[in-house]
Amino acid sequence: AQKVTQAQTEISVVEKEDVTLDCVYETRDTTYYLFWYKQPPSGELVFLIRRNSFDEQNEISGRYSWNFQKSTSSFNFTITASQVVDSAVYFCALSGPPSGTYKYIFGTGTRLKVLA
Amino acid sequence: DAGVTQSPTHLIKTRGQQVTLRCSPKSGHDTVSWYQQALGQGPQFIFQYYEEEERQRGNFPDRFSGHQFPNYSSELNVNALLLGDSALYLCASSFGASSGNTIYFGEGSWLTVV
């Protein structure tokens, strides 16, 4: 069965601090996809990144970076020099092989509060 | 470029009633998925529609049904509403039904059942 665990329920940091959001996943598939979404208070989930299981290169986009490690089944998300606008709930999600299940499995989310 | 749009934004229903939620996919997308997000939880997959057919269903009772129209828009219907159906209902769209395709979400419909 597929599962995504986000053990950190809520994190509070002061503006300009770096913060890492953890994501651990479980799957028996060899081909799978991992995602991060941001959910501000408005409710819409905003897509941040997609990574397939064969691409373990870390990725950086501005202040955001992602560390994918298959050996530990983790796909962690780091925000460098956090800003108040980063305050939101962040979700990690997993989907199966292209020929299999269509659904995304989401973690329970991590609420990030960035204090001015 | 229009994103995913959903209506209504908020609604309040009474137990036992029926509700219909609507979704227009992002421009160029042909696949629509529906998710239910209870307070403090992650979204849970309800079902996906592609080529006007339900392709897969999550662990939801038959009270939850849907439809996709030829223009790719979709409806989610919930019959015999229960208090536990109170949640944010999110519609997501993609191009193609593959699980590897990125799905893009709308702002959701907040349903309160009283």
Side-chain angles (χ1 to χ4, degrees), chain A residues 1-10 21-25 27-55 59 66 88-111, chain B residues 2-10 21 23 26 29-51 53-60 66 68 87-111:
Chain A
Q2 295 180 315
K3 184 179 179 181
V4 174
T5 300
Q6 294 181 257
Q8 303 153 309
T9 304
E10 184 170 313
L21 310 182
D22 298 333
C23 172
V24 175
Y25 63 91
T27 181
R28 295 179 181 175
D29 298 316
T30 54
T31 301
Y32 53 89
Y33 302 87
L34 295 163
F35 305 81
W36 276 95
Y37 286 83
K38 173 182 180 180
Q39 187 175 43
S42 63
E44 177 184 0
L45 276 87
V46 177
F47 167 73
L48 296 177
I49 189 171
R50 168 187 179 273
R51 174 68 74 220
N52 73 56
S53 54
F54 297 107
D55 183 1
E59 181 156 340
W66 290 269
V89 181
Y90 291 85
F91 289 95
C92 180
L94 167 70
S95 70
S99 59
T101 179
Y102 301 111
K103 65 181 179 181
Y104 283 26
I105 304 296
F106 284 84
T108 51
T110 298
R111 181 178 298 278
Chain B
V4 179
T5 58
Q6 293 186 242
S7 64
T9 306
H10 294 82
L21 308 178
C23 172
K26 183 178 170 66
H29 287 182
D30 58 5
T31 304
V32 172
S33 301
W34 287 91
Y35 286 77
Q36 180 196 65
Q37 186 178 14
L39 203 60
Q41 300 297 315
Q44 300 290 317
F45 176 76
I46 302 175
F47 40 54
Q48 183 192 70
Y49 277 85
Y50 174 66
E51 294 184 335
E53 290 186 3
E54 182 182 296
R55 293 289 170 150
Q56 188 174 22
R57 187 180 188 89
N59 189 25
F60 280 82
Q68 185 179 36
L88 175 65
Y89 288 85
L90 292 160
C91 172
S93 73
S94 62
F95 176 70
S98 170
S99 64
N101 295 341
T102 300
I103 60 175
Y104 295 87
F105 287 86
E107 292 195 354
S109 294
W110 295 87
L111 171 64

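This one's a predicted model, so the numbers in the text were calculated from it and none came from an experiment. Every chain is numbered from 1, with letters handed out A, B, ... down the list of sequences.
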**Q.** Heavy-atom donor-acceptor pair, B:Tyr35 side chain to A:Lys103 backbone, under 3.5 Å
**A.**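 Not a single qualifying donor-acceptor pair exists.
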Mind checking the [atom1]-[atom2] spacing from [X] to [Y]? Nearest 0.5 Å is all I need.
X	Y	atom1	atom2	answer
B:Leu90	A:Phe106	CG	CZ	8.5 Å
B:Thr102	A:Tyr33	OG1	OH	10.0 Å
A:Phe47	B:Ile103	CZ	CD1	10.5 Å

Q: Can you tell which part of B:Gln48 gets under 4.5 Å to a heavy atom of chain A, answering side chain, backbone, both or neither?
A: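 Contact with chain A: side chain only.
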(Q) For A:Gln6, which atoms come within 4.5 Å of any heavy atom of chain B: side chain, backbone, both, or neither? (A)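 Contact with chain B: none, neither part.
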Q. Under 6.0 Å between the ring centres of A:Tyr37 and B:Phe105?
A.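 Centroid separation for A:Tyr37 and B:Phe105: below 6.0 Å.
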Q) Picking from B:Gly108, B:Ser94, B:Gly40, B:Pro43, which has the most non-hydrogen pairs under 4.5 angstrom with chain A? A)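 Of the options given, most contacts go to B:Pro43.
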Q) Given the options B:Arg55, B:Gln6, B:Gln37, B:Gln44, which has more heavy-atom pairs under 4.5 Å with chain A than any of the others? A)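 Highest number of pairs under 4.5 Å: B:Gln37.
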Q: Could you tell me whether the side chain of B:Glu107 reaches within less than 4.5 Å of the side chain of A:Leu45, counting heavy atoms only?
A: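 They are not in contact (no side-chain heavy atoms under 4.5 Å apart), so the answer is no.
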Q. How about B:Phe60: does its CZ atom have over 12 heavy atoms from other parts shown lying under 6.0 Å from it?
A.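 For B:Phe60, atom CZ is crowded (more than 12 foreign heavy atoms under 6.0 Å).
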Q. Does the pair A:Gln39 and B:Leu88 meet the rule for a side-chain contact (heavy atoms from CB on, under 4.5 Å), with working shown?
A. CA-CA 12 Å; A:Gln39 187 175 43; B:Leu88 175 65; 3.8 Å; yes
